[in-house]
**Q** 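Quick one: this structure, given as structure tokens, is what I'll be asking you about.
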Amino acid sequence: MKLIVVFILSFSTLFSAYMDIDSTAIRDSAKSFKWSLIPVVSQGQAYNQKYFKSMCFTLSQSYALSQMSYYDQLDGIDNIKMRNKFGWWFLGFYVSSIIDSYIDAELSTFPLRKK
């Protein structure tokens, strides 16, 4: 039984894959996290060179802020509810942008799958 286990382990190392990682593509997750703390701008995504994500997060946060500002100028309980709803939407987009940029930076060391 020991011989079979040794054979399997030694045989599996013969066909192990060698992975090349481009050192210029590695991103610092701490730096990405710090850049993403700037609200509305979504610089953490831009640091990770995810420009489309950066634009999407920036537009969604800007829209939530503009709607929050609009409903803040109006009176009535329904408008206060809408203002608070868009405030939560802004906070959700902001936090998800921070988390996503940190995860993208952490996963930058993984090799891309070749098709």
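When a residue number appears, it is its place in the shown sequence, counting from 1.
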**Q** Mind checking whether Y63 and Y70 sit in one hydrophobic cluster, side chains of I, L, V, M, F, W, Y counted as touching below 4.5 Å?
**A**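 As far as the 4.5 Å side-chain criterion goes, Y70 and Y63 are connected within one cluster.
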**Q** Using modelled atom types only, decide if a donor and an acceptor are shared between the side chain of S101 and the backbone of S97 within a distance under 3.5 Å.
**A**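 Pair found, side chain donor or acceptor close to backbone of S97.
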**Q** Just how far is it from atom CD of E106 to atom CG of N48, taken to the nearest 0.5 Å?
**A**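 So the gap between those two atoms works out to 10.5 Å.
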**Q** I need the Q61 CD to L91 CG distance, nearest 0.5 Å.
**A**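 With rounding to 0.5 Å, CD (Q61) is 9.5 Å from CG (L91).
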**Q** Under a single-linkage definition using a 4.5 Å side-chain heavy-atom cutoff for Ile, Leu, Val, Met, Phe, Trp and Tyr, are I77 and L74 assigned to the same hydrophobic cluster?
**A**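 I77 does not cluster with L74.
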**Q** Could you tell me whether the side chain of S60 and the main chain of C56 form a donor-acceptor pair under 3.5 Å?
**A**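 Yes.
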**Q** Is the Y94 ring parallel, tilted or perpendicular to the F90 ring (thresholds 30°, 60°)?
**A**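 Ring orientation, 0 to 90° scale: parallel.
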**Q** Give me the atom names and distance for the closest heavy-atom approach of A46 to Y51.
**A**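 Closest heavy-atom pair between A46 and Y51: O-CE2, 3.8 Å.
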**Q** When hydrophobic residues are tied together by side-chain contacts of less than 4.5 Å, even through go-betweens, does W89 share a cluster with I80?
**A**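 They do not share one cluster, since no chain of ILVMFWY contacts under 4.5 Å joins W89 to I80.
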**Q** Using modelled atom types only, decide if a donor and an acceptor are shared between the side chain of N79 and the backbone of D75 within a distance under 3.5 Å.
**A**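 Flag set: sc N79 to bb D75 pair under 3.5 Å.
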**Q** Using the ring of each side chain (for Trp, its six-membered ring), is F86 parallel, tilted or perpendicular to Y71, with breaks at 30° and 60°?
**A**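 Rings of F86 and Y71: parallel, under 30°.
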**Q** Assess whether side-chain contact (heavy atoms from CB on, under 4.5 Å) is satisfied between Y102 and I99, documenting all intermediate values.
**A** CA-CA 5 Å; Y102 180 80; I99 293 170; 5.9 Å; no
**Q** From D72 CG over to Q67 CD, what is the distance, rounded to the nearest 0.5 angstrom?
**A**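 It comes to 12.5 Å.
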**Q** Do M68 and L65 make a side-chain contact, defined as non-hydrogen atoms from C-beta onward lying under 4.5 Å apart?
**A**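 Yes; the side chains approach each other to less than 4.5 Å.
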**Q** Any side-chain heavy atom of D104 within less than 4.5 Å of one from K53?
**A**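 With C-beta onward as the side chain, the pair touches.
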